[in-house]
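Throughout, protein chains are lettered first and strands after them, A, B, ... in sequence-line order, and every chain is numbered starting at 1.
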Protein chains: 2
Amino acid sequence: MRARDGDDSASVSGSALGYALLSLLTRGPATGYQLTQRMKSPIGHFWTAKHSQIYPELARLAAATWVELAEGAGPGPRAKKTYTLTPAGLAALGEWLVRPPVVAPRSETVLKAYAANSADPVAMADLYARIAARQRDLLDEWEQEAAMLRGTGHDRPDHPGFGNYAVLLMGIESARATGAWAQWLATCLRTGRAAAFGDPIPSGT
Amino acid sequence: MRARDGDDSASVSGSALGYALLSLLTRGPATGYQLTQRMKSPIGHFWTAKHSQIYPELARLAAATWVELAEGAGPGPRAKKTYTLTPAGLAALGEWLVRPPVVAPRSETVLKAYAANSADPVAMADLYARIAARQRDLLDEWEQEAAMLRGTGHDRPDHPGFGNYAVLLMGIESARATGAWAQWLATCLRTGRAAAFGDPIPSGT
DNA sequence: GCCCACATGTAATCAGTTACATGATTCT
DNA sequence: AGAATCATGTAACTGATTACATGTGGGC
């Protein structure tokens, strides 16, 4: 975020985190703490932030008049601050959304696969078998969640929860793809031979 | 990288970037410049680094004796340095590889979808239609590349290029998943109604 | 003469994590 | 009595990008 107080005009620009917080606030006003929780699911599988990063960013968003805050009595020594998205914040979000994404994806899981034959094949096969199992679990969980959301109309683009549904669908596709790939890789490494993609999970894991 | 000169023993630990460079060096000795190029494909779609990050990291790897360097005359004012992976470096890489990945994935593309109904639906549909088209192009390109690699035995885990092949396969799965999802999202936003996943690309884009 | 590829570095800044710090309320 | 949840912040550090800085050799 380059937005500072006094700089209320034209070229105000934000960081991806700032816009992520604005997106969370479209779901309704929240405290920094609540935003930290709200970020966990479902978007947390594709974007994360700790509270130590969120609190200063909220202060910057407030300085840019993209959010408003109401102070109240908090449980601890400091006041509890509830943030609300402003029309200016919503407009800034709308402008950012239609610009092409720029953050390059990073996957340590794929990076490790790139050096697959520099490690013990058994340990490596084990690692990717566990990753595949985890992705299958997530896939099951998310498919149930998505089915429930479909039942309540979240699959319509005018539904306020459509964004959540869209993220969940990408989670499903991502888990399916990663799971199948990790399983293929585990099979290759365990058998020491080329394997076909999409084979059923061999017994004896 | 916490590895410093003199600290050659037990608890030497590295950053993901350090291990990425070691992985690149398993393909053969290289200069920092060549590593910058080598990182572009195919692993560049899942892990990136600029030369300004690579050069200092190579110095740290050399201090940790994980790589060796040979100096020669360079084109510019400074000496050209060719780095080679040492047995200690290979061992360190092997230990890191079998540890579970920790870096959380980040996708600005999915983050934007999370706020899909806070922007102009037409512009948003356009954005995701372009993303889908791009993923289809990548899919075509990578499938041809993968077919070529299969023909030359890269799909066997003992082939030195197996890591490249594995990354390429994940690229394919990722492009397929992201492409189908982006197309679904574009269709939803354009029609303003719920769409089924995996539908054929509607005409008139 | 100009642009491109080769080649290596540093400085400033931004983004993100880890650790430190405080304190009320509710549940076990 | 101790742990978990709610709630907000800062400091130190690591990771990554952008910009600055230098210079050769080859092709057009």
Side-chain angles (χ1 to χ4, degrees), chain A residues 1-4 13-21 29-40 44 46-63 67 69-83 101-108 111, chain B residues 1-4 12-21 29-40 44 46-64 67 69-83 101-108 111:
Chain A
M1 265 281 288
R2 221 140 293 117
R4 290 289 182 280
S13 79
S15 64
L17 174 63
Y19 293 113
L21 296 177
T31 66
Y33 184 85
Q34 288 174 320
L35 289 172
T36 311
Q37 309 306 115
R38 207 178 274 181
M39 188 167 263
K40 281 178 186 159
F46 296 99
W47 203 274
T48 54
K50 316 272 175 176
H51 78 273
S52 56
Q53 200 186 359
I54 290 173
Y55 286 115
E57 186 64 34
L58 282 170
R60 269 170 247 146
L61 293 175
V67 297
L69 63 139
E71 293 193 36
R78 273 174 287 255
K80 169 173 149 176
K81 293 170 185 171
T82 303
Y83 293 89
V102 288
V103 175
R106 265 165 207 280
S107 168
E108 207 179 327
L111 179 56
Chain B
M1 263 283 287
R2 220 140 292 118
R4 291 289 183 281
V12 183
S13 78
S15 64
L17 174 63
Y19 293 114
L21 295 176
T31 66
Y33 184 87
Q34 287 175 321
L35 289 173
T36 309
Q37 309 305 115
R38 205 177 276 182
M39 187 166 264
K40 281 178 188 162
F46 296 99
W47 203 272
T48 53
K50 316 271 176 177
H51 78 274
S52 55
Q53 200 185 0
I54 289 172
Y55 286 115
E57 186 64 34
L58 282 170
R60 269 169 247 145
L61 292 175
V67 298
L69 63 140
E71 294 193 34
R78 275 174 286 258
K80 169 173 149 175
K81 293 169 186 172
T82 302
Y83 293 89
V102 286
V103 176
R106 260 165 211 281
S107 166
E108 207 178 328
L111 178 57

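Here the side chain of B/E108 pairs a donor or acceptor atom with the backbone of A/V103 at under 3.5 angstrom. A/Y55 places no side-chain N or O within 3.5 Å of a backbone atom of A/G32 that could act as its donor or acceptor partner.
Atoms CD and CG, from B/E57 and B/L35 in turn, are 11.5 Å apart once rounded to the nearest 0.5 Å. In this structure, OH in B/Y33 is found 14.0 Å from OG1 in B/T82, a value given to the nearest 0.5 Å. Atom NE2 in B/H51 sits 12.0 Å away from atom OG1 in B/T31 (nearest 0.5 Å).
Residues forming a side-chain contact (heavy atoms from CB on, under 4.5 Å) with B/P105 (at least two apart in sequence, or on another chain): none.
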Test side-chain contact (heavy atoms from CB on, under 4.5 Å) on B/M39 and B/T48 and set out the steps. CA-CA 7 Å; B/M39 187 166 264; B/T48 53; 5.6 Å; no

Full working for side-chain contact (heavy atoms from CB on, under 4.5 Å) between A/L69 and A/L58: CA-CA 9 Å; A/L69 63 139; A/L58 282 170; over 6 Å; no

With sugar-phosphate taken as primed atoms, P, OP1 and OP2 and all else as base, the protein-contact string of nucleotides 6-11 of chain C at under 4.0 Å (heavy atoms; B, S, -) is BBBBB-

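Atom C1' of nucleotide C/dA15 and atom CG of A/L21 are separated by 13 Å, given to the nearest angstrom. Atoms CG (A/L69) and P (D/dA7) sit 15 Å apart, rounded to a whole Å. Taking atom CZ on A/R60 and atom P on C/dG16, their separation rounds to 10 Å, with Å as the unit. Look at CG on A/L58: it is 14 Å from P on C/dG16, rounded to the nearest Å. With rounding to whole Å, A/E108 atom CD is found 14 Å from C/dT17 atom C1'. Here D/dT5 presents its P atom at 19 Å from CZ of A/R38, a figure rounded to the nearest Å. Computed from coordinates, the A/E57 CD to D/dT8 P distance equals 16 Å when rounded to whole Å.
Under the 4.5 Å side-chain criterion, counting only non-hydrogen atoms from C-beta, B/Q53 is not in contact with B/L21.
Both A/K50 and A/A16 lie close to DNA chain C; mapped to their nearest nucleotides by heavy-atom distance, the more 5′-ward contact belongs to A/A16.
Base-pairing analysis of DNA chain C finds the following stems of at least three consecutive Watson-Crick or G-U pairs, with both pairing distances under 3.5 Å: C:1-28 with D:1-28.
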